[in-house]
Trainee: 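One structure is given below, represented as structure tokens, and several questions about it will come after.
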Amino acid sequence: MEPRLHIIQADITTLEVDAIVNAGNSTLMGGGGVDGAIHRKAGPQLLEACRPLNGCRTGEAKITSGFNLPADFVIHTVGPVWYGSERNERELLASCYRKSLELAVENNLRTVAFPSISTGAFGFPFHEASTIAINTVLEELSQHPQLEQVTLVAFGEGDYNQLKKIFKKVTSTNS
Ligand code: ADP
């Protein structure tokens, strides 16, 4: 078991961590779902900070301050839209987790929380997305001892229960 990987059920906008990750779209100019919730709580300065970033490619990540959020920073990443696995969606999703954590390390951040990227409006199947999330975070934790805690945040109770089960399965297969 990796004690630095946590799974919780929460509204990610309430978390006091160094950075929360936003599952945005390629414009980085706000949207629905977790993106909308983060922008509402952070306040209009977040949008102003995103404007000069000129968007973000799928699988990449960019960082801003967290403004009115309890988190100090927001790492903006863009998950792949699920088209049925033909468009490199798995690798792109893994890249979101990897690049977000690499950006956290570059900025000396130690605690990072992720929503379940791409599993809302972008339609990535939850089970598969969660397996990719867990495996990628575990890989990054093993490479970056300076990361103290990475949290995977499930929004609903159903997602939380599924995520815990997947975590147990993945970690028992890996060990
Ligand atoms: P995407 O477009 O990447 O699919 P969504 O925001 O539609 O992004 O959904 C991604 C995930 O974020 C979904 O699992 C959704 O339940 C979850 N989510 C939505 N709001 C919040 C929130 N406030 N905190 C944590 N997770 C959230």
Side-chain angles (χ1 to χ4, degrees), residues 5-44 46-47 50 53 55-64 66-101 103-104 109 111-137 149-167 170:
L5 173 54
H6 292 228
I7 288 173
I8 64 169
Q9 184 188 351
D11 173 351
I12 201 167
T13 66
T14 64
L15 301 181
E16 289 181 36
V17 286
D18 292 341
I20 60 171
V21 176
N22 184 15
N25 60 54
S26 58
T27 68
L28 293 188
M29 295 310 289
V34 72
D35 192 12
I38 288 173
H39 275 274
R40 274 193 299 280
K41 187 86 173 266
L46 183 59
L47 199 59
C50 285
L53 299 178
C56 182
R57 290 176 180 228
T58 304
E60 301 288 328
K62 295 189 176 180
I63 190 166
T64 64
F67 300 101
N68 295 335
L69 287 160
D72 294 327
F73 293 91
V74 178
I75 293 174
H76 305 264
T77 190
V78 182
V81 175
W82 177 258
Y83 287 105
S85 88
E86 308 274 291
R87 301 197 191 180
N88 212 22
E89 291 97 328
R90 294 185 183 90
E91 185 43 50
L92 288 167
L93 185 64
S95 174
C96 289
Y97 286 91
R98 194 164 52 240
K99 295 271 175 78
S100 296
L101 290 175
L103 198 51
L109 309 183
T111 55
V112 181
F114 284 92
S116 180
I117 299 166
S118 285
T119 66
F122 283 4
F124 207 116
F126 188 80
H127 191 283
E128 201 168 352
S130 302
T131 307
I132 292 167
I134 292 164
N135 279 321
T136 310
V137 170
Q149 185 175 304
V150 176
T151 305
L152 297 180
V153 180
F155 196 38
E157 197 180 350
D159 282 357
Y160 175 62
N161 291 331
Q162 265 201 77
L163 189 55
K164 272 195 306 188
K165 267 195 204 150
I166 298 163
F167 178 63
V170 169

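Ligands are counted one by one from 1 in listed order, and the atoms in each one are counted from 1 as well.
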Trainee: Applying the side-chain contact (heavy atoms from CB on, under 4.5 Å) criterion to Y97, which one of V137, V150, V21, N135 satisfies it?
Mentor: V137

Trainee: Side chain, backbone, both or neither: which part of A154 comes within less than 4.0 Å of ligand 1 when only heavy atoms are counted?
Mentor: neither

Trainee: What do the steps show when you test L163 against I134 for side chain to side chain contact (heavy atoms under 4.5 Å, CB included), and what is the final call?
Mentor: CA-CA 9 Å; L163 189 55; I134 292 164; 4.2 Å; yes

Trainee: Name the closest protein heavy atom to atom 6 (O) of ligand 1, giving the residue it belongs to and the distance to 0.1 Å.
Mentor: V34 N, 2.8 Å

Trainee: If you count the atoms of ligand 1 from 1 in the order shown, which ones are under 4.0 Å from a heavy atom of A10?
Mentor: 24 (N), 25 (C)

Trainee: Would you say W82 and S118 make side-chain contact, with heavy atoms under 4.5 Å?
Mentor: no

Trainee: Hey, does the side chain of K62 reach the backbone of C56 with a donor-acceptor pair shorter than 3.5 angstrom?
Mentor: no

Trainee: Nearest protein heavy-atom contact for atom 24 (N) of ligand 1: which residue, which atom, what distance?
Mentor: I12 N, 2.9 Å

Trainee: What's the shortest distance from atom 16 (O) of ligand 1 to any protein heavy atom, and which residue and atom give it?
Mentor: F155 CB, 3.7 Å

Trainee: Got an N/O contact under 3.5 Å between D11 and ligand 1?
Mentor: yes

Trainee: Would you name the heavy atoms of L109 and I63 that are closest together and state the gap between them?
Mentor: CD1-CD1, 4.0 Å

Trainee: My understanding is that only one of L5, T131, L152 makes a side-chain contact (heavy atoms from CB on, under 4.5 Å) with F167; could you say which?
Mentor: L5

Trainee: Evaluating non-hydrogen atoms only, which member of S116, G36, G120 is closest to atom 4 (O) of ligand 1?
Mentor: G120

Trainee: Could you tell me whether a side-chain N or O of S100 sits under 3.5 Å from a main-chain N or O of C96, the two making a donor and an acceptor?
Mentor: yes

Trainee: What atoms of ligand 1 come within less than 4.0 Å of a heavy atom belonging to G33?
Mentor: 6 (O)

Trainee: Could you tell me if the side chain of M29 sits less than 4.5 Å from the side chain of H39, heavy atoms only?
Mentor: no

Trainee: Distance under 4.0 Å to a non-hydrogen atom of T119: what atoms of ligand 1 satisfy this?
Mentor: 4 (O), 11 (C), 13 (C), 14 (O)

Trainee: For atom 3 (O) of ligand 1, which candidate among P115, S118, G79 holds the nearest heavy atom?
Mentor: S118

Trainee: Has T111 got a side-chain atom pairing as donor or acceptor with D18's backbone, closer than 3.5 angstrom?
Mentor: yes

Trainee: Say whether A37, considering both its backbone and side-chain N or O atoms, lies within less than 3.5 Å of an N or O atom on ligand 1.
Mentor: no

Trainee: A23 heavy atoms, cut-off 4.0 Å: which ligand 1 atoms fall inside?
Mentor: 3 (O)

Trainee: Can you pull out the closest protein heavy atom to atom 7 (O) of ligand 1? Residue, atom name and distance to 0.1 Å, please.
Mentor: A121 N, 2.8 Å

